[in-house]
Amino acid sequence: MNLTFPRLLLQHAATRPLADALREKEYGIWQNHTWAGLTALTEQLAAGLHLAGLQRGDHFVVIGANRPRLYAVMLAGQSLGAVPIALYQDAVAAEMVFPIQNAGVRLAVVEDQEQVDKMLEVRESYPELGRLYFDDPRGLRHYNASGLFDLNALLSEGQTFLATQAKDARNGYSVWFNQQIEQAQSEDVAALFFTSGTTGNPKGVVHTHRSLIDRAQAGQEFDRLTEKEEVLAYMPLAWIGQNIFSYAQWLVCGYVVNCPESASTVAIDLREVGPTYYFAPPRIFEALLTSVMIRMEDAGWLKRTLFKRFMAVAQRVGPARMQGSTVSLSDRLLYALGDLFVYGPLRNNLGFSRVRVAYTAGEAIGPDLFRFFRAIGVNLKQLYGSTETAVFVCLQADHQVSADTVGVPCRGVDIKIADNGEILVRSPGLLQGYYKNPEATAEVLDADGWYHTSDAGFLDQQGQLKIIDRVKDVGRLKGGVYDGAMFAPKYVENKLKFFPFIKEVVAYGDQREQVCCFLNIDFDAVGNWAERRNLSYTGYTDLAQKPEVYELMRDCVNQVNQDLSADHLLAGSQVSRFLVLHKELDADDGELTRTNKVRRGFIADKYRVLVDALYEGRAEQYIETQVKFEDGRSGSVSATLQLANATVVKKGRHEAHREAA
C-alpha cells in the first residue's frame with residue numbers, strides 16, 4: 001500500500017473528522033484540535049510554504065517544543081514532498097550550524113524568540129538560511145531581520161492562495177492540495193534525523209515514509225494500540241523515539257496526542273491527561289523514583305511505615321502478578337490492600353493510573369528501577385531500537401517481561417549475532433543511509449542488508465535479546481586479581497544510578513587493573529538528605545565535597561560491589577575508587593549528548609587529570625573547569641576534589657578487602 005503521512009492524515013479527516021487529534025494546554029486550559037481542523041490547518045500551511053518557495057525534495061528545519069502548529073508544519077512540508085528536520089530546542093546555535101549546512105536548509109520554522117535568536121546566529125555563518133518563521137511572537141515585535149516572518153503571515157498567504165483553488169469533491173479540500181499529496185510515494189524520504197554525535201559531527205539518518213510507517217504499524221500490532229489511546233508528547237521532537245510515538249504511530253493509529261503547556265508543567269499535565277500509552281527514557285523514570293523517595297523521607301511516621309511495609313509486599317508479589325503467574329490468596333489480599341493504600345495513590349500521583357502500556361528505551365535501565373514500577377502495577381516494558389532502525393526492533397510482550405532483556409524481534413525483523421558478539425539487524429525499518437555520507441553508510445549497512453548496531457548482546461533460550469553494552473565500550477581488566485575479567489561500564493553505571501542520590505556515573509577500567517568512576521550527585525535528593533541532617537551547604541560544589549556525602553556515596557558503591565561480586569562474569573567490574581565531580585555533567589559543555597548519553601571519551605580527555613589521580617592513588621586533586629551558562633556566557637568552576645576508596649570483594653574470597661589508597 002502506497003502510504004505516506006499526509007495520506008494517513010486525509011484518511012482520519014475523512015473517517016473521523018470531529019474526533020480529537022491533538023490537544024494543547026494553553027493558559028491552564030486544554031485546547032482541542034480535531035482531525036478535520038488539523039487537516040485544514042495543514043492545507044493552509046502547505047499553500048503558504050509553497051508560495052515561500054519550498055519545493056519537493058527540499059529540506060526544512062523545525063525547532064521547538066511539541067506544539068500542534070509545528071506538527072502541522074511538518075505534515076504540510078511532507079504534503080509538498082519536502083523533508084522536515086527537527087533539531088533539539090535546547091541545543092546552542094553552534095551545534096545547529098552543521099546539520100543545517102549539511103542538509104542545505106533554506107527555510108526554518110521555530111517556536112519562539114529563543115530559537116529565532118539561534119537561527120539569526122546560524123545565519124551569520126550560513127547566509128543561505130533565507131526564510132525564518134516563528135510561532136510565538138512574544139518578544140519579537142521589534143525584530144526587523146530580513147526574511148523573518150510570523151507564522152500567521154504564512155497562514156494568511158496560504159488562505160488567500162487556496163481561495164483561488166477549486167475544491168475536490170472527494171473530501172472538500174482543494175484539488176491542488178490533493179494533487180500534491182498524491183504525487184508522494186511511500187519510498188520518498190519522509191524525514192531526516194541527526195544522531196546525537198557522541199563522536200564527531202552528527203550524521204543525518206534518512207528515513208522514508210515506508211520505513212517509519214512500517215515500524216509504527218509493527219508496534220501498533222504488537223501492543224494492540226487503537227484510536228482510543230492517550231499520549232503525552234513531552235520529549236524533544238528531534239528524538240526518533242518522540243517522533244515514532246507521537247507522530248508516526250499517532251498518524252497510524254489515530255489516537256490523541258497531548259502537548260503540555262511547558263516543560264515545568266509536564267508532571268501536572270501528566271496527571272491531568274492520564275495517558276494510556278507512555279514512553280520515556282530511563283532517566284525520566286529515575287527522576288520519578290527519586291521524587292517519590294524524597295517525598296517519603298519527608299512524610300509522617302504512619303505514611304513511611306505503610307510505604308515500607310507494602311513496598312516489601314509489592315516487590316515480592318507485584319512482578320509475579322504482572323507476569324500472570326499464580327499468586328496465593330493471602331498475597332492477593334495483601335497486594336489489594338497495598339493497592340488501596342499505597343500503589344493506587346502512588347500511580348495516580350505519578351500520572352500512571354490509566355497506563356496500559358509503558359515503554360522505556362534509549363539506554364539500559366537499572367533492574368531495580370525497572371522492578372519498582374512493575375511492582376506497583378505499571379506495565380513498564382523495554383524495547384530495543386535506534387534512530388537507524390526507526391525504533392522498533394525488539395519488544396517485550398505482556399507477561400513475558402524480564403529486567404535483563406529487551407524482548408523478542410517484532411514483525412519483519414531478523415537478528416543475528418556476529419562472531420565478535422555484535423548484534424546485526426535486518427528490518428523494513430532500516431535507514432536508507434546517512435545523508436551525504438556514503439562511507440559511514442557502508443560501515444553500518446552491509447551488502448546483504450544487515451545493519452551493524454555496534455551493540456554487543458545475545459539471544460537467550462527464550463529468544464529474548466540481551467544487551468551487554470556497546471561493542472567498543474566492553475573491555476577487559478589488565479593485571480591484578482581480576483586480570484582478563486570483562487568490564488561493562490554501562491552495566492556498572494546503571495546499577496549505581498538506581499540510587500536516588502546518584503544522577504550520573506562515568507566508569508573507567510578497560511586495560512586497567514581496577515575500575516574507577518566519577519559520580520554526579522542528584523542535587524535535589526542529596527540536598528533534601530542533607531537538610532534533614534542539618535547539614536548546611538552553599539551550592540552544588542560545596543555539597544558534593546562534604547565528607548558526609550562521600551560516605552553516602554561510598555555506601556552506594558559498596559552495595560553495588562556486593563551485587564557485582566556474586567556475578568562471576570562481572571565481578572571484576574567492582575569499583576575500587578571514586579570521586580564526586582564538582583559540577584553536573586552538561587550537554588552544553590559537551591559532556592553529554594542532547595539525549596543525555598555520556599560522552600565517555602570526551603569526559604576522559606577533559607578530566608584526564610582526575611582519571612590519572614584516581615589511578616595514581618592520590619587522596620585529592622585540584623581541578624578548574626570551563627563551563628557555559630544558559631545565557632551564553634562562559635566561566636569556570638574550580639575545586640579540590642576528594643578521591644575515595646571503596647570496598648571490593650576479592651576473587652575467590654568471601655571477606656571484604658579494602659583497596660589500598
Side-chain angles (χ1 to χ4, degrees), residues 229-230 232 265-280 282-360 365-382 396 398-399 401-403 497-502 522 524-529 531-533 556 559:
E229 311 301 340
E230 294 273 353
L232 186 71
T265 66
V266 167
I268 297 170
D269 299 340
L270 180 64
R271 289 194 291 271
E272 290 181 359
V273 170
T276 61
Y277 186 40
Y278 184 74
F279 174 67
R283 61 185 172 82
I284 298 295
F285 289 103
E286 289 165 5
L288 290 172
L289 178 57
T290 296
S291 70
V292 169
M293 294 306 182
I294 289 175
R295 290 202 303 272
M296 290 316 303
E297 289 288 347
D298 292 335
W301 172 84
L302 179 59
K303 284 187 177 180
R304 287 202 312 273
T305 302
L306 282 172
F307 180 79
K308 185 176 180 180
R309 295 273 178 88
F310 280 115
M311 279 310 302
V313 174
Q315 295 288 358
R316 188 180 76 251
V317 179
R321 178 178 169 274
M322 293 296 289
Q323 292 289 77
S325 303
T326 302
V327 178
S328 69
L329 177 61
S330 60
D331 280 343
R332 289 203 303 272
L333 290 173
L334 277 173
Y335 192 90
L337 280 174
D339 198 52
L340 178 65
F341 291 114
V342 178
Y343 323 140
L346 181 54
R347 290 195 305 272
N348 185 60
N349 187 268
L350 293 172
F352 292 161
S353 56
R354 296 203 302 158
V355 166
R356 186 175 67 82
V357 177
Y359 275 111
T360 185
I365 187 171
D368 296 327
L369 175 66
F370 187 68
R371 282 192 288 265
F372 172 85
F373 283 97
R374 289 190 61 80
I376 64 171
V378 178
N379 186 25
L380 178 60
K381 305 191 290 183
Q382 297 186 80
Q396 289 184 326
D398 295 340
H399 310 311
V401 178
S402 173
K497 283 163 61 178
F498 171 73
F499 294 96
F501 304 115
I502 298 176
D522 187 293
D524 291 335
V526 177
N528 180 272
W529 174 88
E531 288 165 10
R532 284 186 283 103
R533 286 159 178 78
C556 298
Q559 287 183 54

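Values in this document were obtained by computation on a predicted structure and should not be read as measured data.
A pairwise comparison of heavy atoms in Ile502 and Cys556 identifies CD1-CB, 3.9 Å as the closest pair. The minimum heavy-atom distance linking Glu297 with Asn528 is given by the pair CB-OD1, 4.3 Å. When every heavy atom of Ile284 is checked against every heavy atom of Ala280, the shortest pair comes out as CB-CB, 3.7 Å. Residues Tyr278 and Pro275 approach most closely at CD1-CG, 4.2 Å, considering heavy atoms. In plain terms, the two heavy atoms of Val378 and Ala358 that are nearest each other are CG1-CB, 4.3 Å.
Under the 4.5 Å side-chain criterion, counting only non-hydrogen atoms from C-beta, Glu272 is in contact with Asp269. Counting only heavy atoms from C-beta outward, the side chains of Leu306 and Leu302 approach each other to under 4.5 Å. Contact annotation: the side chain of Lys381 approaches that of Asp398 to within less than 4.5 Å [non-hydrogen atoms, C-beta and beyond]. Side chains of Leu232 and Val266 form a contact here, defined as non-hydrogen atoms less than 4.5 Å apart. With contacts defined as side-chain heavy-atom distances shorter than 4.5 Å, the pair Val355/Leu380 does not qualify. Side-chain contact between Phe373 and Thr360 is absent, with no heavy-atom pair separated by less than 4.5 Å. By the 4.5 Å heavy-atom criterion applied to side chains, Thr290 and Asp524 are not counted as neighbours. Taking the side chain as every heavy atom from C-beta outward, Asn348 and Arg271 never approach each other to under 4.5 Å.
Checked against Asn379 for a side chain to side chain donor-acceptor pair (under 3.5 Å), the options His399, Gln396, Arg374 give a single hit: Arg374.
At a threshold of 4.0 Å, the pair Asp298-Arg295 does not count as salt-bridged, since none of the basic side-chain nitrogens sits closer than that to a carboxylate oxygen.
Screening residues 333-344 for side chain to side chain donor-acceptor pair (under 3.5 Å) gives Asp339-Arg347 as the qualifying pairs, with residues at least two apart or on separate chains.
The backbone N or O of Glu230 lies less than 3.5 Å from a partner atom in the side chain of Thr276, making a donor-acceptor pair.
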May I have the list of side-chain donor-acceptor pairs in residues 309-322 shorter than 3.5 Å, sequence neighbours left out?
{"residue": "Arg316", "atom": "NH2", "partner": "Asp331", "partner atom": "OD1", "Å": "2.7"}

